[in-house]
Every structure is written in C-alpha cells, then in structure tokens.
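Just so you know, residue 1 is the first one in the sequence shown, and it goes up from there.
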Amino acid sequence: MQKISPARLFYAALILWAALLLVSLGLGAALYSISGDVLKEWLYKTLDFVSSLLSLAAFFALTAVLGISRYYDIFRLRVTAVCVAALLTPQISSTILVSVFQSDFSEQPGYYLLSIWVELIFGGIIFAAVIIAAELLRGRGVRKVFIAAMAVWLLLSLSQELITTVDFLYEIKDPTAGEKVSIVTAYILPAVQAFLGYVLSCAALELMTEKEPVPAAADRQSEPNPTEAAEPPALPPKPKTGKKQRR
C-alpha cells in the first residue's frame with residue numbers, strides 16, 4: 001500500500017484552488033479587457049488558449065487530489081471542501097467579470113448567469129463520480145478511481161459534442177469538407193484530453209506519495225564490519241604427538 005503524505009495532499013488542494021482563482025480572475029480580466037480589439041486578436045487567442053489549458057489541467061489535478069483523499073481516507077472533509085470551493089471559483093469569477101465588463105448584464109442577467117452556472121453541473125457530476133468510485137473501489141487500486149473519473153468525463157464531453165453536432169447539422173444541411181473534418185476532430189479531442197487527464201492524475205499520485213527510507217539494518221548487512229576484518233585469523237589446533245602420557 002502506498003504511503004500518502006497528508007500535508008502534501010492538503011497543500012496541493014490549496015495550491016490548485018489558488019491557481020484556479022488566478023487563472024479565472026486574472027486571465028479572465030485580461031481577456032475581457034482586450035476582447036473586441038482587432039489589433040490584439042492574436043493576444044486574445046493566445047491568452048484564451050492558455051487559460052483553457054491551465055483550467056483543464058487544474059481541474060484534472062483536483063479530481064486526482066479528491067480521489068486520493070477519499071480513497072485513502074485522508075482529510076476527507078477538508079480536502080473535499082477545498083475542492084468544492086475550487087470548483088465554484090471559475091463560476092464566481094466569471095459572474096463578477098461579466099457584471100463588470102458586460103454593459104447589458106443588468107438588462108438580461110438570467111441569460112448570462114444560466115450560461116455561466118450551467119457548466120457547474122458538469123464538474124459536479126465528475127466530483128460525485130470520483131467520490132462514489134473511491135468508496136466502491138477501495139482496496140483495488142486508486143488508479144481505477146482515476147479511470148472511472150476520466151470515463152465519466154469522456155462520456156459527458158462526447159454527449160455535449162453530440163448535441164452540438166445535431167444542432168449544427170440541423171441548421172446546415174450540407175456541411176463543407178472542412179466542417180466535416182472539424183466535426184470529427186471535435187470527437188477525437190475529448191478522448192485525448194481524457195488520456196492526458198489520467199496521466200496527470202497518476203503524476204499527482206506520485207507527488208503525493210512519500211518515499212520510504214531504506215532501513216539502516218539492511219545497509220549494515222550489506223557493508224563489511226571493520227572490527228571483524230581487523231581481528232587476526234584463529235590459530236590452527238596443535239597436532240597430537242602420539243606418545244603416551246607418563247604417569
């Protein structure tokens with residue numbers, strides 16, 4: 001059984017929470033500030049790609065931390081609370097940014113809030129799947145919890161893509177060759193992301209695992225004893241002469 005460091009696990013949850021807050025609020029504010037500027041379109045696309053990549057990586061790492069905590073029964077309530085807070089952070093940050101940068105937010109707040117907070121259902125389902133898998137698969141290997149989480153994530157992602165594809169084909173009856181390629185690529189990307197999420201989860205597990213030191217007794221057995229080497233060899237016994245002892 002692997003020895004997990006409770007301190008590393010809890011600090012990792014806090015660091016990931018801070019990272020999500022920085023990405024969602026900091027980079028989000030930068031994106032809103034340059035949105036619509038034609039001269040900074042390349043910067044907008046770059047920041048948007050970096051923000052999406054970091055957010056996805058942090059989410060996968062959070063699922064790993066949550067799964068490890070529930071599987072090994074380490075700081076279950078504290079780590080779960082931090083992970084849930086981190087899950088809410090992007091939605092809260094987006095709500096703040098939209099209310100500040102969107103001039104028509106006060107006119108139709110329901111539209112913006114629905115589009116922002118509906119994504120929380122996706123993350124909530126993943127976290128629920130991690131908690132259930134950790135309880136059911138305890139003793140069978142924590143990596144199976146990661147596989148279950150990524151399987152649910154992949155299923156939800158493909159379901160979203162299917163809905164988008166059906167809606168797109170309903171509006172455009174005869175898509176071009178480039179649009180067909182884009183549709184196929186959209187189904188391949190979630191599978192690649194799920195695989196990378198599993199790899200990242202396993203990497204997080206290695207970071208949380210404490211390396212057990214080699215026992216000192218084993219080191220002493222492998223090294224020669226200097227006191228034994230310094231002792232002179234025992235003298236051989238004296239040979240018998242064969243003469244009878246005089247009375």
Side-chain angles (χ1 to χ4, degrees), residues 10 12-32 35 47-70 75-102 104-135 145-146 148-167 186 189-190 193-194 196-198 200-201 204:
F10 186 65
L14 293 176
I15 291 172
L16 290 170
W17 184 13
L20 272 176
L21 179 62
L22 179 63
V23 170
S24 59
L25 198 57
L27 286 182
L31 286 170
Y32 273 105
S35 177
L47 289 178
D48 184 50
F49 175 77
V50 172
S51 176
S52 300
L53 187 64
L54 291 177
S55 298
L56 186 61
F59 178 77
F60 284 149
L62 273 174
T63 59
V65 169
L66 179 62
I68 295 169
S69 171
R70 305 293 298 199
F75 292 155
R76 295 176 62 176
L77 294 179
R78 275 186 278 181
V79 172
T80 303
V82 172
C83 289
V84 171
L87 182 65
L88 293 170
T89 296
Q91 274 66 37
I92 296 175
S93 300
S94 297
T95 303
I96 295 173
L97 293 174
V98 167
S99 63
V100 171
F101 288 96
Q102 292 293 339
D104 59 342
F105 176 77
S106 58
E107 299 176 2
Q108 45 182 353
Y111 169 77
Y112 287 105
L113 293 178
L114 181 62
S115 60
I116 291 172
W117 287 88
V118 73
E119 296 181 1
L120 184 65
I121 300 175
F122 188 98
I125 294 174
I126 300 298
F127 275 20
V130 169
I131 293 173
I132 294 173
E135 297 294 334
V145 177
F146 302 155
M150 292 302 104
V152 174
W153 188 89
L154 179 60
L155 180 62
L156 292 176
S157 299
L158 292 178
S159 300
Q160 284 185 331
E161 289 298 334
L162 182 60
I163 295 173
T164 304
T165 302
V166 171
D167 184 61
L189 184 60
Q193 291 173 338
L196 294 178
Y198 174 75
L200 182 60
S201 299

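Side-chain contact check for L14 versus V82: some heavy-atom pair is nearer than 4.5 Å. Contact of the F60 side chain with the L196 side chain is not registered, since no non-hydrogen atoms from C-beta on lie closer than 4.5 Å. The shortest side-chain heavy-atom distance between F127 and I132 does not fall under the 4.5 Å cut-off.
Rounding to the nearest 0.5 Å gives a distance of 9.5 Å between CE of M150 and OG of S157. To the nearest 0.5 Å, atoms CG (L31) and CG (L97) are separated by 9.5 Å. Between atom OG1 of residue T63 and atom CG of residue L16 there is a gap of 9.5 Å, rounded to the nearest 0.5 Å. A distance of 8.5 Å separates CD1 in I116 from OG in S99, rounded to the nearest 0.5 Å. Once rounded to the nearest 0.5 Å, the distance linking CG of L155 with CD1 of I126 reads 9.0 Å. With values rounded to the nearest 0.5 angstrom, I15 atom CD1 is found 13.0 Å from L22 atom CG.
Side-chain atoms of S52 never come within 3.5 Å of backbone atoms of F49 as a donor-acceptor pair (strictly under, hydrogens ignored). In terms of modelled atom types and a separation under 3.5 Å, the side chain of S24 and the main chain of L20 share a donor-acceptor contact. Side-chain atoms of S94 do not come within 3.5 Å of backbone N or O of Q91 as any donor-acceptor pair.
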Could you please spell out the steps behind the side-chain contact (heavy atoms from CB on, under 4.5 Å) verdict for W117 and T95? CA-CA 9 Å; W117 287 88; T95 303; 3.0 Å; yes
In sequence, state the C-alpha distance, the side-chain angles, and the governing distance for Y32 and V98, and then conclude on side-chain contact (heavy atoms from CB on, under 4.5 Å). CA-CA 8 Å; Y32 273 105; V98 167; 3.1 Å; yes
Could you go through L156 and Q160, starting from their C-alpha distance and side-chain angles, then the distance that decides it, and tell me whether this counts as side-chain contact (heavy atoms from CB on, under 4.5 Å)? CA-CA 6 Å; L156 292 176; Q160 284 185 331; 5.8 Å; no
For T89 and S93, what are the C-alpha separation, side-chain angles and deciding distance, and is it a side-chain contact (heavy atoms from CB on, under 4.5 Å)? CA-CA 6 Å; T89 296; S93 300; 4.0 Å; yes
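Shown here for L47 and L27, the closest heavy-atom pair between the two residues is CD2-CD2, 4.1 Å. Scanning both residues, V23 and S55, for their nearest heavy atoms gives CG1-OG, 3.4 Å. The two residues W17 and A85 have their closest heavy-atom pair at CZ2-CB, 3.6 Å. Nearest heavy atoms, V79 versus S69: CB-OG, 3.5 Å. For the pair G124 and L87, the tightest heavy-atom approach, listed with the atom from each and the gap, is N-CD2, 3.9 Å. Among all heavy-atom pairs drawn from V130 and A149, the shortest one is CG2-CB, 3.5 Å.
Atom OH of Y111 has 12 or fewer heavy atoms from other residues, nucleotides or ligands within 6.0 Å.
Proximity of the aromatic rings of W153 and F59 is defined here by a centroid distance below 6.0 angstrom, and this criterion is not met.
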